[in-house]
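Notes follow once the structure below has been shown.
Chain letters run A, B, ... following the sequence lines, proteins first, then strands; residues in each count from 1. What you see is a predicted model; the values in this text were computed from it and never measured.
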Amino acid sequence: MLNEKYAPHEIEKRWQKIWEEKKTFKVNNDDPRPKSYVLEMFPYPSGNLHMGHVRNYSIGDVVARFRTMNGFNVLHPMGWDSFGMPAENAAIQHNIPPAKWTMDNIANMRRQQKELGLSYDWDREVTTCKEDYYKWTQWFFELFYKRGLAVKKESAVNWCDTCNTVLANEQVIDGKCWRCHHEVVKKDLSQWFFKITDYADELLKDLSLLKGWPERVKTMQKNWIGRSEGLEFSFDCPALGTKLPVYTTRADTIYGVTFVVIPPEHPLVEKILKDNPNKEKLEEFCNKVRNTSDIERTSSESEKLGMYSGYDCVHPLTGHKVQIWITNYVLFDYGTGAVMGVPTGDQRDWMFADKYGIDKIITLQPKDKTLSLDTMTCAYEEKDGVLVNSAQFTGMEMHKAMGAITDYMEEKGLGKRKVNYRLRDWLISRQRYWGAPIPIVYCPKCGEVLVPEKDLPVKLPTDVKFTAGAKSPLATSESFVHCTCPKCGGPATRETDTMDTFLCSSWYYLRYADPHNDKAPFSPEAVNYWLPVDQYIGGIEHAILHLLYSRFFIKVLRDAGLVKIDEPFTNLLTQGMVIKDGAKMSKSLGNVVSPEEIITKYGADTARLFIMFAAPVERELEWSDQGVEGSFRFLNRVWRIVAHFETELDQHVTSYDTSNLNEEDKKLRLVLHSSIKKITEDIEQRFNFNTAISTMMELVNALYNYKDTAKTVNAGLIYETISNLLLVMAPFVPHITEELWNKVIDAKHSVHKEPWPKYDPEAIKVDEVEILVQVNGKPKDRMMVSTSLSKDELGKVALDSPTVKTAIGDKKVVKVIAVPGRLVNIVVKG
RNA sequence: GCGGUCAUGGCGGAACGGCAGACGCGCUAGCCUCAGGAGCUAGUGGGGGCAACCCUGUGGAGGUUCAAAUCCUCUUGACCGCACCA
């Protein structure tokens, strides 16, 4: 006998225990069913789950359970991206060891996840800060190193003073640190880089393979990689005894060059300064520019400043003198680090020339107009025009001229075509403690040496001071720093930096395939079976960072023969944020709703249902306490209607005569089968979980309606309806459905192991349908007609309607459009 | 500046080019109840009408179409990404 009242807490605790004991969601690598890999981005163990997590995992859980019910062997794992700064900050502030802080948080968050009833195979849990994981992260570093893709190089890098570490380009948002939001400064340091730029072209090109990714994410990656085609050529600088190479995408404006600009970082500056009469002032200027913050320096709004170097170079085509200027508006690490200045073709150059009185030459103008320096007030930056003052290219259309001039320069050996990328190499060193140590040893004799594979992992020491300042805390551990050289056996020191945590997360989805392997990061059989991830689900904030790094990793691993795939994630679903009162939930705004609080009040099923119902997955979800009540009310309605029909259900009438149904039965059966169809399509094809749920609500409403209107209860139909209702609801609200299934349908088998229901096409066929009759597009009448009518017959019936006749009056019927099953539109004139 | 997304009742949101507002929240009225912050029933875009009904309506202006929230052009606003990348 069912309880009269729905009591979520008792039900949920009980079933969670049973699922855990029976290992209901355990998955095997050898299973005859087709595989499906459903993955949610693993969390950083910050301490507590927030609503964003709940949304992420609820979506993943619905997809995973739906696929299981549809006959797939589904891999649905969970783990912890557990290296990172917050653990270290806890150590500094509260004197708690980072490992303890992290593991405590993991335990708490895992408990919260279990309270949500998520269908993870917990036996496959991975934790990136554990030795059995970071051993392989280090192993991958070595793989990259051996393939020449991990290199140490000196360069101006992003430095966050608050976090005391360097950052990758991708981790600098608007000139600020992605974690602490403090301003990032440039520092010249020797750091480890992964050469992601070697794969720039493929990372761009293969975006076209990702048909299951949102356009938005692909566009963001495309822009981030930023491929551009242009011409690289050099200006001769006889006075400095060297050449000055520049890069341009506007070869057509080459005859308009009147100066060349270089940044203070440019190697030529040293030569310029030597014996320069203006040395002091130039040096002062260079230092001033170098000390400007990065945001200021790279903002398009900041003033363009420069100083004439005192040296000129020679235009390769005209032989004219071209002044060399040192400026603050050129990026040293893009292209050749020097740029040609064309005042009439580029607004920045125009303003710069105006300010410092540099010559301007018009070399491009509109087809139907002649430009003059006397009347021009800004550069001509239009995307069409004709060349003037450009020797043999004068009169040529600009796009044609771009090619022609480039060809000419190549023929004469003056320059060559060049492709440049905005993407920079991935800086992976971090001067932090809580990360995987870089497995490198520095030997006075042998230089840079890899730690042999058999000695991995290089373990994190525990005898460190966290207040090391600009150096990694690892440097404070004597026992860690001093070692012997693996090559010569002499005394050596270890690299004290750790790896960016994004490296740990670039391969975790591979480890789930084979999580306990201690011989290799994974076996080829396991990854070949499970990978690629069929459905990846996570926040848009990783559009570039994690998703780009992971794609890069897979390409390198593929080239190393470790995997056979080109891309890690076939389909990507980017969920929207959970907000409240129009703003992101945050402690400082005081608008945080904690998942635990909701689970305590209504249970996990309500929380999951509401979060799936309140908004389409990709859009922002506005949290509404009243909305949650509505979801809870719905589950209560389900419970009561099942309880109401318990007597009929107990008879287990699993079949009935469908050819002899009364009106109420027919109606309910139609709603049932069209609901199954709609819900299946909503989940499978479009991820329209919100409308899938509204369809379930309609089905429940139909059941209530049946209860009130049916003169007799058809026990077979009720059994069919309620068992199917529980099945389609199961992925969304696993506890209540399991309980009801167990009590009234099948006490022996889990609802979550049942096959997904199929609708009966016969049941959704109707003999008669209501169609709308329009006259000139305006609704005039509606009528029940047989579905077997042809278009012509439909038109005739419509024209016969008295209402329609009145509406037509004495006007002339011009055309009749009939759409079977929908409407007839009669076009009249006069 | 470049690239992208979006705009529908009081609110969250539905709607293969085919009856706009499904479903839910909120609100109103009624029933049930000692009571209700429980449950049930009905109503709920705006304007008009006693009424059957009529007019109007998807940010704005045009266009395509028998038919437009949906397609096209322009425009306004909001949000997001990149941004001195030569």
Side-chain donor/acceptor of A:Arg782 to base of B:C19, under 3.5 Å: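 Indeed there is one.
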Distance criterion of 3.5 Å, no angle test: do you see the side chain of A:Asn825 paired donor-to-acceptor with the base of B:C66? yes
So if I take every side-chain heavy atom of [X] and compare against [options], which nucleotide ends up nearest?
X        : options             : value
A:Tyr329 : B:A86, B:G81, B:C84 : B:C84
A:Arg348 : B:C85, B:G24, B:C80 : B:C85
A:Arg640 : B:G18, B:C40, B:C85 : B:C40
A:Gln626 : B:C40, B:G26, B:C85 : B:G26
A:Arg633 : B:G26, B:C40, B:A83 : B:G26
A:Tyr334 : B:C82, B:C85, B:G18 : B:C85
A:Phe613 : B:A14, B:C85, B:G12 : B:G12
A:Lys778 : B:C19, B:U56, B:G81 : B:U56
A:Leu331 : B:A86, B:G13, B:C25 : B:A86
A:Arg619 : B:U41, B:C23, B:A14 : B:A14

Under 4.0 Å, counting only non-hydrogen atoms across every strand here, what does [X] touch: a base, just sugar-phosphate, or nothing?
X        : value
A:Asp333 : nothing
A:Glu622 : nothing
A:Gly630 : sugar-phosphate
A:Glu629 : nothing

Who is the Watson-Crick or G-U wobble partner of [N], with both distances under 3.5 Å?
N     : value
B:G36 : none
B:A52 : none
B:C71 : B:G63
B:G57 : none
B:A20 : none
B:A14 : none
B:C6  : B:G77
B:U44 : B:G26

Salt bridge [X]-[Y], side-chain N to carboxylate O under 4.0 Å:
X        : Y        : answer
A:Lys218 : A:Glu215 : yes
A:Glu681 : A:Lys677 : yes
A:Lys176 : A:Asp174 : no
A:Glu303 : A:Lys355 : yes
A:Asp792 : A:Lys796 : no

Could you check if the base of B:G9 is syn or anti? Syn means the glycosidic torsion is within 90 degrees of 0.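 Here the answer is syn: the torsion falls within 90° of 0.
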Within the pair [X] and [N], is there a side-chain N or O less than 4.0 Å away from OP1 or OP2?
X        : N     : result
A:Tyr247 : B:C85 : no
A:Thr691 : B:A22 : no
A:Asn690 : B:A14 : yes
A:Arg424 : B:C85 : no

Nearest-angstrom distance from the residue atom CD1 of A:Ile771 to C1' of B:C66: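 It is 15 Å, rounded to the nearest whole Å.
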In terms of the angle between their ring planes, are A:Phe645 and A:Tyr706 parallel, tilted or perpendicular, with boundaries placed at 30° and 60°? tilted
In chain order, what residues pass the ring-ring contact (aromatic ring centres under 6.0 Å, His included) check against A:Trp213, with sequence neighbours excluded? none
